[in-house]
Number of protein chains: 2
Amino acid sequence: MTDFRLDDFLPYLLNNAAESTSRAFSAHYREAYGMTRAQWRIMAHLGSDGALTASDICVRSHLEKSKVSRAVAALEERGLLRRAPSTIDRRAEHLSLTDQGRQVHADLTAHAKRFSDTLIDRLGKARTTELAAILRDLTKDRDD
Amino acid sequence: MTDFRLDDFLPYLLNNAAESTSRAFSAHYREAYGMTRAQWRIMAHLGSDGALTASDICVRSHLEKSKVSRAVAALEERGLLRRAPSTIDRRAEHLSLTDQGRQVHADLTAHAKRFSDTLIDRLGKARTTELAAILRDLTKDRDD
DNA sequence: AAGTGGCGGTTGCATATGCGACAGTTGCAG
DNA sequence: CTGCAACTGTCGCATATGCAACCGCCACTT
């Protein structure tokens, strides 16, 4: 009746691939800075997009707001990130990297670049681009 | 220097896609059976591969052994799964679905099939196959 | 200007998770 | 046979997580 193959099931494969690559990649920032995946993401967004508000980060990174809140607190405590109250909206806070945060961010992206190159080598340029496109597609229009 | 684009970074995209699809898919088995992703996976493996040992499941599902241990305990308690001591190796236990477990498994795979069809519709048959192949490739040879 | 619904961010709580330690078992080397 | 490394599965503990409740603030209605 149902010739359901687990090995063809996309959510399953996606989780495996995500888990596998993330695990390999996270080793660096975890050991070097004791950072969480969420923290890494926030650093990445802040580093490339400048100052953001916590809810901006929620939208862009697809992270829960409580997760963002705690990650931001941790990063602030380590002196990597600074909060500034918004003059316009007293609820919001503008987040930005400190000098030290920028240094760390540089290191993080350097490693990320290297890791990315490794993956591209393994898959080939064409398949990588294809894969990236499909993944973006899959995530799109699903506004959870 | 580094023109690093977060939006092209595979681990990032993979996590987003995995999270997004899993979140959508997990709704069913979570609401219907209060099941975890790990529990779903174990059900899937046991349902399609027959009797397995806990460490077999670890290997096939890429799950931590403590995670498997707890998930198995939960499934057993709900009467979906049965343990039988191995006669050959007194450390190991053979795990298999109960009748009720098989019923639940049938329902789970039915839903999975339907969900999978939805995804295939969205991506198209060709891209789906391509994607699956690449994902398998990415997970392979990375024996964490 | 008072009421109201909604937003930004934090926190409590219950649960899930990862890791390392552990007891019991196996099998292989000497 | 004895000792020892490796393996199976469980558990404790510290931490991470999701969800909902919550506080203060905003904007819009009347």
Participant: Ignoring hydrogens and geometry beyond distance, is the side chain of A/Arg91 in donor-acceptor contact with the base of D/dC26 at under 3.5 Å?
Facilitator: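 There is none.
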
Participant: Output the rounded distance in Å from CD (B/Glu64) to P (D/dT10).
Facilitator: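 Computing the B/Glu64:CD to D/dT10:P distance gives 15 Å.
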
Participant: On the side chain of B/Arg70, is there an atom forming a donor-acceptor pair with the base of C/dG18 - under 3.5 Å, no angle test?
Facilitator: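 In this structure, the two groups form a donor-acceptor pair.
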
Participant: Looking at the side chain of B/Glu93, which of D/dT10, C/dT25, D/dC19 is the nearest nucleotide?
Facilitator: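 Nearest listed nucleotide: D/dT10.
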
Participant: Nearest to the side chain of B/Ala92, heavy atoms from C-beta on, is which of D/dC25, C/dT26, D/dG9?
Facilitator: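 The closest nucleotide is D/dG9.
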
Participant: Report which part of the nucleic acid A/Arg30 touches: base, sugar-phosphate, or nothing (heavy-atom distance under 4.0 Å, all strands).
Facilitator: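 Touches sugar-phosphate only.
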
Participant: Is A/Ser66 touching bases, backbone alone, or none of the nucleic acid, heavy atoms closer than 4.0 Å?
Facilitator: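 Base: the residue A/Ser66, judged by heavy atoms under 4.0 Å, touches a nucleobase.
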
Participant: Using the ring of each side chain (for Trp, its six-membered ring), is A/Trp40 parallel, tilted or perpendicular to B/Phe9, with breaks at 30° and 60°?
Facilitator: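 Rings of A/Trp40 and B/Phe9: tilted, 30 to 60°.
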
Participant: To the nearest Å, give me how far apart CG (B/Asp89) and P (C/dG24) are.
Facilitator: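 My rounded result for the distance is 16 Å.
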
Participant: Nearest whole Å is fine: how far is D/dG18 P from A/His62 NE2?
Facilitator: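 Computing the A/His62:NE2 to D/dG18:P distance gives 15 Å.
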
Participant: Indicate whether OP1 or OP2 belonging to D/dC25 is found under 4.0 Å from a side-chain N or O atom of A/Ser86.
Facilitator: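 Indeed not, no polar side-chain atom of A/Ser86 lies that close.
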
Participant: Within the structure, does a side-chain N or O atom of A/Arg90 lie under 4.0 Å from either OP1 or OP2 of C/dG8?
Facilitator: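 So the side chain of A/Arg90 is outside the cut-off, no N or O lying under 4.0 Å from OP1 or OP2 of C/dG8.
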
Participant: Using whole Å, report how far CG of A/Asp56 lies from P of C/dC7.
Facilitator: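 From A/Asp56 CG to C/dC7 P: 15 Å.
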
Participant: What is the distance, to the nearest angstrom, from the CG atom on A/Leu81 to the P atom on C/dG9?
Facilitator: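 Atom CG in A/Leu81 sits about 12 Å away from atom P in C/dG9.
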
Participant: Using the side-chain contact (heavy atoms from CB on, under 4.5 Å) rule, pick out the option among A/Leu75, A/Val68, A/Ile42, A/Leu46 that qualifies with A/Leu95.
Facilitator: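 For A/Leu95, the side-chain contact (heavy atoms from CB on, under 4.5 Å) test succeeds with only one of A/Leu75, A/Val68, A/Ile42, A/Leu46, which is A/Leu46.
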
Participant: Expressed in angstrom and rounded to an integer, what is the separation of A/Trp40 atom CH2 from D/dA16 atom P?
Facilitator: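 Distance, rounded to whole Å: 18 Å.
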
Participant: Nearest-nucleotide wise, let me know which of B/Arg83 and A/Lys67 is further upstream toward the 5' end of DNA chain D.
Facilitator: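 The residue mapped nearer the 5' terminus is B/Arg83.
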
Participant: Does a nitrogen or oxygen in the side chain of B/Thr53 sit under 4.0 Å from OP1 or OP2 of D/dG9?
Facilitator: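 So the side-chain polar atoms of B/Thr53 do come within 4.0 Å of the phosphate oxygens OP1 or OP2 of D/dG9, strictly under.
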
Participant: Whole Å only: how far is the CZ atom of B/Arg23 from the C1' atom of D/dC19?
Facilitator: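 Checked: the CZ to C1' distance equals 11 Å.
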
Participant: Can a salt bridge be assigned to the pair A/Asp8 and B/Lys113 using a cut-off of 4.0 Å between side-chain N and carboxylate O?
Facilitator: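 No salt bridge links A/Asp8 with B/Lys113.
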
Participant: Would B/Arg91 and B/Asp89 count as a salt bridge (Lys or Arg N to Asp or Glu O under 4.0 Å) if you check the C-alpha gap in whole Å, the side-chain angles of each, and the deciding distance to 0.1 Å?
Facilitator: CA-CA 5 Å; B/Arg91 293 170 300 182; B/Asp89 186 338; 2.9 Å; yes

Participant: Between B/Ala54 and A/Gly34, just flag the one whose closest nucleotide in DNA chain D comes earlier from the 5' side.
Facilitator: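 Final value for this comparison: B/Ala54.
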
Participant: Rounding to an integer number of Å, can you tell me how far A/Ile88 CD1 sits from D/dA27 C1'?
Facilitator: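 So the two atoms are 15 Å apart, to the nearest Å.
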
Participant: Name the closest nucleotide to the A/Lys65 side chain, picking from D/dC19, C/dG9, D/dG9.
Facilitator: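 Nearest nucleotide to the side chain: C/dG9.
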
Participant: So A/Arg102 and A/Asp99, salt bridge (Lys or Arg N to Asp or Glu O under 4.0 Å) or not? Walk me through it.
Facilitator: CA-CA 5 Å; A/Arg102 245 181 300 279; A/Asp99 290 343; 3.3 Å; yes

